[in-house]
Amino acid sequence: MLIFSPTTIRSVNPQPLPYLSFSHSISLPLPLTSLPTPSKSPHFPSFHINCIDAAQPFDYESHLKNRYIQSTSLKIAIIGFGNFGQFLSKTFLRHHTLLAHSRTNYADLANHLGVSFYADPHDLFEQHPDVVLLSTSILSTETLLQKLPFQRLRRNTLFVDVLSVKEFPRNLFLKYLPPDFDILCTHPMFGPESGKTSWAGLPFVYDKVRIGDEESRIKRCDKFLDIFEKEGCRMVEMSCMEHDKYAAGSQFVTHTMGRVLEKFGLESSPINTKGYETLLNLVENTKGDSFDLYYGLFMYNQNALEQLERLDMAFESIKKDLFGRLHQIYRKQLFGDNNGELEKKRSLAQQLHGNGSLTESPLDNVRQDGS
C-alpha cells in the first residue's frame, strides 16, 4: 500500500480548497491508474509518498507466520516445577508455550521466566496442553498420578516423564493413565550442572511406549523429541528395561561412589592431581542431588542392589589383596627367607595330578617320621 501526504496546491483559483485539506494519511491500493495527474488536473494537489507496505487490516505475512509457529510449537504442562523442571523450561520456552504446576508455589519465579503457573491441577488441565511432562521425585510419582484429574484433558494427551529410572514410571503410566493417552518415557542424562552451558553431545534416552497411529499424534511425539535433537543431544532409543540395566551400572554406581567419597570427607589440597580433581568434581556433582533421588535409584531399579553387592565384594577383594601381601611381608621379617623357601616347596608339593586329587606333601611325611 501507499501512504500519501499533500504538498503544494497548484490552482488558478486563489481560493483555498477545503475539501482537499488532509489531516490524515490515505491508503490506496496499487496500481494508481485511475488517479489524475497534477498536470492534467490543476485543481488536484500533488502527492508525496511517505512509506510503503503499511499495515493492512489483514496481514497475510503475519498470519502465515502465526500459522507456522502454531504448527511447530507445543503447549507443554510441567508438573513438578522444581530445580530440574525450571532447568528444562529455559530451553523449552524458546519455541513452545509452557504451563506449570507444583506443590510449592513458584508463581513469581514462573512469571519471571514466562511460564504460566497454576496452583490447582484442575485449572492446569483445563488449558488442554498437548504434552504433560512429569518432573517430580521418583518417590512421589505414584501418589501424584492417583490424584491427577485426567478427565479434564483431551483424550489422546501425550504423557512424558524425565525420571532417572524407567521401568517404574512406565508401569505406573500403563496402570493409571486412560488407555487412549500416549506414553513417552525419557531420561535426559544430564542436569543443571552438566548441561548448564550446552546440551550438545549429552545422551538423551527415550522409549515410545505407546503412541497412537494417527499422524497428528506421531508428529506431536516427534516435535517433543526434536527439542532435544535440535539442542545437539545424542538421541538413544532403547527399552525401559535396557535403560535400567545400563543405568544401574553407570548412574547408580556414580552416585554411590560420589556419596561414599563425600562421607569420607574428600578435601582439596595444594597438590591436587588431575585424578584427584576428578574425584572432587564427582563429589560436587552428586552432593547437589537430594538423597530421595539416590534412594529412588536404589529402590526402583531392580538392578541397583546387585551393583551395590558387587561394589562391596570388590572393596573386600581389594582389602584382602592388601592385607595378604602385608601378611607375607610380616612373615619374612619374622622367619626370614628360609621360611619363604619352605612355603614355596609346600606349594609345589600340592599341585594337582591328572585325576584331580592332591598329592600328599613329602615334607609332611618327613615331619611325621620324625626326621
request  = State whether the side chain of Ser89 and the backbone N or O of Gln86 hold a donor-acceptor pair below 3.5 Å, judged by distance alone.
outcome  = yes
So CE of Met241 and NZ of Lys166: to nearest 0.5 Å the spacing works out to 14.5 Å
- [ ] Show your reasoning for whether side chain to side chain contact (heavy atoms under 4.5 Å, CB included) applies to Leu109 and Phe117.
- [x] CA-CA 9 Å; Leu109 177 60; Phe117 186 84; over 6 Å; no
Sorted by chain and number, sequence neighbours left out, side chain to side chain contact (heavy atoms under 4.5 Å, CB included) with Glu214 holds for Ser216, Arg217
Side-chain polar contacts of residues 289-297 - donor-acceptor pairs under 3.5 angstrom, sequence neighbours left out - could you list them?
from	atom 1	to	atom 2	distance (Å)
Ser290	OG	Leu293	N	3.3
Tyr294	OH	Thr256	OG1	2.8

Rounded to the nearest 0.5 angstrom, the NZ-CG distance for Lys319 and Leu326 is 13.5 Å
**Message:** Taking the basic N atoms (NZ, or NE/NH1/NH2) and the acidic carboxylate oxygens, is any pair closer than 4.0 Å for Arg152 and Glu126?
**Reply:** yes
Rounded to the nearest 0.5 angstrom, the CD-CG distance for Glu237 and Leu225 is 8.5 Å
Cationic N near anionic O, under 4.0 Å, Arg234 to Glu229: no
Is it true that Asn272 and Ser269 share a donor-acceptor pair across their side chains at a distance under 3.5 Å? yes
dist Leu153:CG -> Leu177:CG (nearest 0.5 Å) comes out at 9.5 Å
Practice item. Consider only side-chain heavy atoms of I, L, V, M, F, W and Y, link residues closer than 4.5 Å, and tell whether Val160 and Phe87 are in one cluster. Key: yes
Are Lys320 and Glu316 ion-paired here, with the side-chain N under 4.0 Å from a carboxylate O? no
For residues 185-204, which side-chain N or O atoms pair as donor and acceptor with protein atoms under 3.5 Å away, sequence neighbours left out?
from	atom 1	to	atom 2	distance (Å)
Thr186	OG1	Asp161	O	2.6
His187	ND1	His243	NE2	2.8
Ser194	OG	Gly191	N	3.0
Ser198	OG	Ala200	N	3.0
Trp199	NE1	Gly195	O	3.3

Evaluate the side-chain proximity of Arg94 to Glu231: yes if any heavy-atom separation is below 4.5 Å, no if none is. yes
Can we say Asp130 and Lys223 salt-bridge, meaning some charged N sits less than 4.0 Å from an Asp/Glu carboxylate O? no
request  = Tell me yes or no: between the side chains of Thr254 and Gln251, is some donor less than 3.5 Å from an acceptor?
outcome  = no
Taken to the nearest 0.5 Å, the spacing of Ile183 CD1 from Leu158 CG works out to 9.5 Å
ask   = What orientation do Phe125 and Phe150 show, parallel under 30°, tilted 30 to 60°, or perpendicular over 60°?
value = parallel
Problem - Donor on one side chain, acceptor on other, Ser137 and Ser140, under 3.5 Å - result: yes
Counting only heavy atoms from other residues, nucleotides and ligands, does the tally under 6.0 Å from CZ of Phe315 exceed 12? no
Determine, stepwise, if the pair Leu99 / Ile78 fulfils side chain to side chain contact (heavy atoms under 4.5 Å, CB included).
-> CA-CA 6 Å; Leu99 318 172; Ile78 300 178; over 6 Å; no
